[in-house]
Amino acid sequence: MRKNGMNRASLLMALVVSAGLPQMASAQGIFDPAHTFTKVADIADVPVYVADPIDFAEVAALEAAEASENKPARFAIVNEVAITPATHGLWEEVADGKYWLWRMRITNENASSLNFGFLSYQLPEGARMLIYPSFGAPEYRAFTADDNADHGQLWTPVTRGNDAMIEVLVPAEVADQVILDLGAVNTGYRGFGGGDVLAGKSGSCNYDVVCPEGMGWENEIAAAGAYTVNGSFTCSGSMINNTGGLDYFLTADHCGVSTSNDQTMVVYWNYQNSTCRTPGSSASGGNGNGSLTQFNSGTIWRDDSSGSDYTIVEMEEAINPSYMVSKAGWDRSGAEATTAVGIHHPGVEEKRISFEFQSTTTTNYGSNSVNANGTHVRVIDWDQGTTEGGSSGSPLYDQNHRIIGQLHGGGAACGNNLSDWYGRVSVSWGAGLQQLLAPGNPGLMAMDTDGDFTPSGISITPASDFAASGPIGGPFVGNSVVYVVENTSETETYSYSVTEPAAWLSVTNGSGSLLPETSANVTVSLNGAANGLAAGAYASTITFANLTDGDGNTTRDASLDVGTVMYSGGGMPIVDNSTRTSTISVPDSFEVADVKICFSATHTYVGDLIFRVEHNGTTVTLADRPGYTGSGFGSSEDLNGDFEFSDDGTAPWENLGSFPSGVYLPVTPLSVFDGDDAQGDWTLSVIDNAGGDTGDVSAWSIKLVPADAPACTGDIADDFGNPGADGMVSFGDFLALLGLIGPCPGGTPGCTGDIADDFGNLGGDGMVSFGDFLALLGLIGPCP
């Protein structure tokens, strides 16, 4: 337990009013570093401890060994040190001698984050310690005397980057009372937004908890947390409700929390992305913007059992109410869930939510055989999202929003349909869980979630942005999106407004009033101005505003690619020693002038893979087992990003040692498709030539540039016989076309096949038809 002393709110106030100290930057105790408010030595002159570089070959071997022992996910390497203010760093007198400042820099050549374990920590009243990027600003609060603990240790959250400053500011009269013994410098190489150092970002198939799919689960989402142990391992877990109102946290036994290391546990609350990254997109598989400012350092081990793989700890210090953390409900009846939901932190990254739409089954760990007396709940396969390393210990909810188990393990990942197993709450109940959750009430079957954080305001679906493309003059694919503006409040009426600054966009039903729990459809579409745009990429932002109180204000990006037509397809798994295909059927007929192939993909061994695209009997090889020389294996590097293959690309994969998102040359030029008719099936094939590594293509698309259409010499009148020749496409021009219904009249000026050929419908059927009239509607106005 914490020692008695001034509470944090009182201490922060004392720090704010003390002479010579900086003003508090936020209500959560984030202060400015000393060099920003008083004259001190330059950062470059502060002594530096340089931690050993991370040997990634050793890391890979270590992770493989730990995985075979069912240990939790590792994210950092421990460097044992012995650093104190008496032996290291720089002391300086500041504020006319009223305070002393001690600083020490810690660096590492190739880490993505740093965290620190103080084996002895004690600060006197009025002192504070900041930890922050040496050339940046603190992300989390200061540590003070309020963090002094009976066990004498302090373990910190991660500081992102590979260069951190430890800074202690202390009143001069108590400077000799500072006790700091830094015993562990932990160098992170994955997770917490640092996956660029070693691939570790959560897969792109995952769903952010703020996505529309998470609506209705806000109270349970608020209970979930990620945590670190010993500064090197990580798991997930959840606060759990109990009759005593205590701050209990449920996780997995195999995550390794015990009485010997519970003080090293740092739990992060509300570490989640602020927006919904579209599942399957490169953004969803990349770094998010989750904040690490809300955390608890130090827990007290209370109980565990290996049979159902559970551990319960209690927060050493009460959770700050401003963090809005709930306590999740639970059900120990043993009944199967008709549908199930997992809330977790895959890949040591922002919080995600996963869905299973079939019933769970009861088995033993790792078994597919139903066993009514089994110790685990089996999720047969995830229908939306998945779990990954770092998800261990996370809760599984039934359809009634109650925890029925915590994640033990399984093979689930993006691109497969493998199972996960959760230790059953019903089994844990008799193993000791009952004495914690409901002491004196062994007959209690369930509790609901404690905490109501259901949002109010407006919500917008779908989460996707507006994206259209097409040839100059149109028509455009994706030219309209219907957004649903929903009032999520049970009591409030909201006025809303939807605006967009682009002249080529129009909004229908863009304002109104919504009664509680009602919605309105708002259509955003291209207008006639799009047809007059020159070739190029155009961008805008659609703003959805709650005019009543601003709650739920949001935006969607809008883009228009003129001169290119894009057709999108779905995803497919990449399966060992197999070929998988996905087909896009292009309905439009036009001559192709240029082709680009785009896809989002993940795979842990790119040298296994061949990517090809086929259309009308012609096949182009995009990439062919990079690094493969005819014997042995290809490149062992990972794929995780967005890739475009174009004849304008920089280099083929065969010449590269790493494969970040970007534009690449195909093995076979895509120009072999130039002059072909776009209409028909385009098929992407992925061939996996080895075992042991899987992945997925989450989505792919084709970008086609049509060959230039015959010039419009003035207007429809000029080309098709109306003597007006007024330079306008008008209703009179439509009347002039009535006489042309049927085969395209030979000798008609500019009529190269039919209206379609000349004016954008691109049917190519040699007929002037009603469909051609419809194609002309978008051309009303000056001749494009």
Side-chain angles (χ1 to χ4, degrees), residues 64 67 199 202-206 279-282 284-285 346 354 356 358 366 368 379-389 409-420 568-585 597-615 617-645 652-654 656 659 664 666-668 681-702:
S202 57
S204 63
C205 72
N206 279 291
S281 68
S282 60
S284 185
S354 303
E356 165 65 294
Q358 286 76 46
N368 296 339
V379 172
I380 297 174
D381 60 62
W382 293 105
D383 295 306
Q384 290 182 329
T386 189
T387 59
E388 301 178 44
C414 287
N416 70 39
N417 292 313
L418 300 181
S419 298
D420 276 336
S568 297
M572 56 182 160
I574 302 175
V575 181
D576 285 343
N577 295 301
S578 298
T579 299
R580 292 292 186 269
T581 63
S582 178
T583 297
I584 296 173
S585 295
I597 304 297
C598 308
F599 56 80
S600 299
T602 60
H603 192 274
T604 51
Y605 209 112
V606 67
D608 294 351
L609 305 179
I610 300 172
F611 290 85
R612 291 176 178 149
V613 66
E614 187 274 335
H615 174 62
T618 300
T619 299
V620 165
T621 299
L622 304 175
D624 188 351
R625 302 194 69 177
Y628 182 75
T629 58
S631 62
F633 300 96
S635 171
S636 62
E637 294 297 312
D638 294 345
L639 290 183
N640 189 354
D642 273 356
F643 308 99
E644 178 177 299
F645 283 85
W653 276 4
E654 277 61 29
L656 304 176
F659 306 87
Y664 297 93
V667 173
T668 308
D681 289 345
W682 295 74
T683 300
L684 178 69
S685 301
V686 185
I687 306 166
D688 190 313
N689 291 273
D693 293 272
T694 59
D696 73 279
V697 173
S698 57
W700 75 288
S701 60
I702 315 164

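The basis for the numbers below is simple: all heavy atoms, side chains too, and nothing from hydrogens, waters or symmetry mates. These numbers come from a predicted model, not from an experiment.
Looking at every heavy atom in both residues, Ala690 comes nearest to Asp576 through O-OD1, 3.4 Å. Of all heavy-atom pairs spanning Gly695 and His603, the tightest one is N-CD2, 3.7 Å. Heavy-atom minimum distance, Gly634 versus Tyr605: O-CE2, 3.3 Å. In this structure, Ala412 and Trp382 approach most closely via the heavy-atom pair CB-CD1, 3.8 Å. Across all non-hydrogen atoms, the minimal contact from Glu356 to Val379 is OE2-CG1, 3.7 Å. Here the closest non-hydrogen pair linking Thr619 and Glu614 is OG1-CG, 3.4 Å.
Although no hydrogens or angles enter the test, the distance criterion places no donor-acceptor pair under 3.5 Å between the side chain of Ser281 and the main chain of Pro279. Judged purely by atom type and a 3.5 angstrom limit, Arg625 uses its side chain to pair as donor or acceptor with the backbone of Gly607. Judged by distance alone, with hydrogens and angles left aside, the side-chain atoms of Asn206 form no donor-acceptor pair with the main-chain N or O of Pro346 at under 3.5 Å. At distances below 3.5 Å, not a single donor-acceptor pair connects side-chain atoms of His615 with backbone N or O atoms of Thr683.
For the pair Thr579 and Val686, the minimum side-chain heavy-atom distance is 4.5 Å or more. Contact check for Val697 versus Arg580: no side-chain heavy atoms found under the 4.5 Å cut-off. Thr581 places a side-chain heavy atom less than 4.5 Å from the side chain of Ser685. Within the 4.5 Å cutoff, no side-chain heavy atoms of Ile380 are placed close to those of Gln358.
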Point to revise | Criterion side-chain hydrogen bond (donor to acceptor under 3.5 Å, both in side chains) on Thr386 and Ser354, from CA distance to verdict | key: CA-CA 6 Å; Thr386 189; Ser354 303; over 6 Å; no
Point to revise | Test log, rule ring-ring contact (aromatic ring centres under 6.0 Å, His included), inputs Phe611 and Phe643 | key: CA-CA 12 Å; Phe611 290 85; Phe643 308 99; 8.1 Å; no
Review point. Run the side-chain hydrogen bond (donor to acceptor under 3.5 Å, both in side chains) check on Ser600 and Asp642 step by step: do they pass?
Key: CA-CA 4 Å; Ser600 299; Asp642 273 356; 2.3 Å; yes
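Cys414 SG to Ile574 CD1: the interatomic distance, rounded to the nearest 0.5 Å, is 11.5 Å. One distance of note links CG of Leu418 with CG of Asp381; it measures 9.0 Å at 0.5 Å rounding. Distance check: Asp638 CG to Asn640 CG gives 8.0 Å after rounding to the nearest 0.5 Å. Atom CD1 of Ile584 is separated from atom CG of Asp681 by 10.0 Å, given to the nearest 0.5 angstrom. The CD atom of Glu637 sits 10.5 Å away from atom CG of Leu656, with the distance rounded to the nearest 0.5 Å. Annotation: the span from Ser698 atom OG to Phe599 atom CZ amounts to 10.5 Å, rounded to 0.5 Å.
With respect to Trp653, the side chain to side chain contact (heavy atoms under 4.5 Å, CB included) criterion is satisfied by exactly one of Leu639, Val667, Leu622, Leu609: Leu639.
Two rings, from Trp700 and Phe645, have their centers 6.0 Å or more apart.
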